[in-house]
Amino acid sequence: VRVGLLGCGRVGQALVTLAGRRNAIAGWVHVECVCALVRDLHRRRGETDVRLTTSAAAVLDAGIDVVVDVMGGVEPARTIVTAALDAGLPVVTAGKTLVARHGPALRALARRCGVTFSYEAAVVAGVPFVGALTRRPHASDVNGISGIVNGTSHFVVTAMAAGATTARALTHAVGLGYAETDAEADLGGRDAAEKLTILRHLCGEPLATVDDVLCRSVRDLEPADFAGAHLLSGSIKPVAIAPFDAGSRTAWVGPAFLPSGHVLASLSGVDNAVQLRRGAGETVTFAGPGAGPEVTAATILDDVVEAATSRRAESEPWLTQQGRRVPRGTESAWFVRILKEPAVTACELATWLGELDVPYERLVSDRAGVYVRTTAAPWHAIERAESAMRDRGVAALAMPVLAR
Ligand SMILES: NC(=O)c1ccc[n+]([C@@H]2O[C@H](COP(=O)([O-])OP(=O)(O)OC[C@H]3O[C@@H](n4cnc5c(N)ncnc54)[C@H](OP(=O)(O)O)[C@@H]3O)[C@@H](O)[C@H]2O)c1
């Protein structure tokens, strides 16, 4: 299988190395990376026989069987991928920004052109579940997705739960190679919002956009949040949630409260997980290491072999086949934290929640804050309550409680 690479950075080079190793195994499909598009021909790279070029056309005209996009961003990746599909070449991509923003259109183009467009590596590359979902379009009655889909923020929140400051946790993550120095896309939620959007497309919400996702940064967390969550028998994790039962603004990325015993509560560090909620409330969980050049390259290589040997035709997302669901209105229980500085008493908080029509189940407090677990309340009501409290100068933060 002759592969043309768009990009030869960390993932591209890991793919070249992995393909070389696998090619030494007798009987394995021989995958040869013949040429790669790069920006800078003179940049130092690891040992590779791949011919480098700055011309996208030269890659597409190199007599290749499959295009692998590992260049990142939207443009020029989108233009080149479109040209490849138009030319009848299957495309495998790891580009989450590209797939989140243009996945449905590129998938439709691929279908029209009779080739595959594969993106297993674009979302939680280390946990290859996209193929499992697209091969089993009718097996699940999915009505919601949740998960931990950003390893950097998970590492940082795990360290904060153990007492580290955000800055110290981030420095540690950078030192271990789990984070870039500029980790804003990870901590602020944009990376997770892109992955959540790809998951929503996969589950039949082709019109979902990254801009629909309400993002809250894990930087908003205070040490008191972890103490309060503990008092209410739970923990805090950076989570992505999309219930398929209401209009826009119901997709959420940010810290959430997990009751103890929740499957995702047992994960830590850079682990990732995707959980599908289906039927009468049962869940299916896929979990494992999130990403990294080597695991991403392994996932890409599987997609390459599948695309070249046509072992898999991509199914339509299942909800599109079944028709859209009737909105039920999105509700969730909430964990609300209020810092006691400026002075706020538990009694005042209870009164406010009553005024704001937010019913609560448990209310506890310690020296730092007052913590409440509400019963199910609509997302918009809790947002209103949170901003009303902030208007009164109260340091309030509301997080959804993830149902078991
Ligand atoms: N790193 C991971 O663990 C991981 C995991 C999952 C998915 N991904 C995705 O995989 C993709 C690649 O990630 P990476 O970490 O390998 O990135 P990277 O190290 O920055 O490599 C990007 C490569 O693309 C080339 N490139 C970028 N823009 C270009 C342009 N306009 N024209 C020509 N060449 C261009 C660069 O050329 P030069 O070398 O000349 O600069 C470089 O070779 C991204 O979409 C990322 O989101 C990465």
Side-chain angles (χ1 to χ4, degrees), residues 3-19 33 35-46 48 50-60 67-84 91-103 106 117-130 149-155 173-174 176-186 190-199 210 270-272 274 288-304:
V3 171
L5 293 172
L6 307 178
C8 194
R10 282 163 295 187
V11 177
Q13 288 175 61
L15 180 64
V16 174
T17 307
L18 180 65
C33 299
C35 58
L37 174 71
V38 293
R39 259 180 312 219
D40 178 0
L41 293 173
H42 306 293
R43 194 173 139 188
R44 283 191 59 177
R45 301 168 205 273
T48 161
V50 181
R51 182 161 55 83
L52 300 178
T53 172
T54 54
S55 158
V59 174
L60 301 189
V67 171
V68 169
D69 159 40
V70 280
M71 68 192 299
V74 172
E75 289 295 353
R78 182 170 78 115
T79 303
I80 307 169
V81 164
T82 301
V91 172
V92 173
T93 182
K96 56 185 160 282
T97 310
L98 176 70
V99 181
R101 305 221 173 242
H102 300 288
L106 290 170
F117 175 70
S118 320
Y119 51 92
E120 181 77 69
V123 47
V124 195
V127 187
F129 65 92
V130 173
V149 296
N150 181 274
T152 303
S153 58
H154 193 199
F155 183 91
V174 171
L176 291 171
Y178 295 148
E180 305 286 325
T181 323
D182 178 8
E184 222 27 67
D186 296 311
R190 201 192 69 227
D191 176 86
E194 289 180 348
K195 291 170 182 161
L196 185 61
T197 304
I198 297 171
L199 290 168
V210 179
V270 288
D271 282 349
N272 276 202
V274 171
E294 283 74 27
V295 286
T296 306
T299 297
I300 291 174
L301 195 54
D302 283 342
D303 267 356
V304 165

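Everything numeric here is computed off the predicted structure, so don't read it as measured data. Atoms within a ligand are numbered from 1 in the order they appear, just like the ligands themselves.
Between T152 and A183, the closest heavy-atom pair is CG2-CB, 4.5 Å.
No side-chain donor-acceptor contact under 3.5 Å links T79 to the backbone of E75.
Under the side chain to side chain contact (heavy atoms under 4.5 Å, CB included) rule, V38 has a single partner from M71, R43, R45, which is R45. Of the listed residues (V70, L6, V99), just one forms a side chain to side chain contact (heavy atoms under 4.5 Å, CB included) with T93, and that residue is V99.
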Full working for side chain to side chain contact (heavy atoms under 4.5 Å, CB included) between F117 and V92: CA-CA 6 Å; F117 175 70; V92 173; over 6 Å; no
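Closer than 4.0 angstrom to ligand 1 by heavy atom are G7, C8, G9, R10, V11, L37, V38, R39, D40, R43, R45, V70, M71, G72, P76, A94, G95, K96, A121, A291, G292, P293, T296, sorted by chain and number.
Between the OG1 atom of T299 and the CZ atom of F129 there is a distance of 10.5 Å, given to the nearest 0.5 Å.
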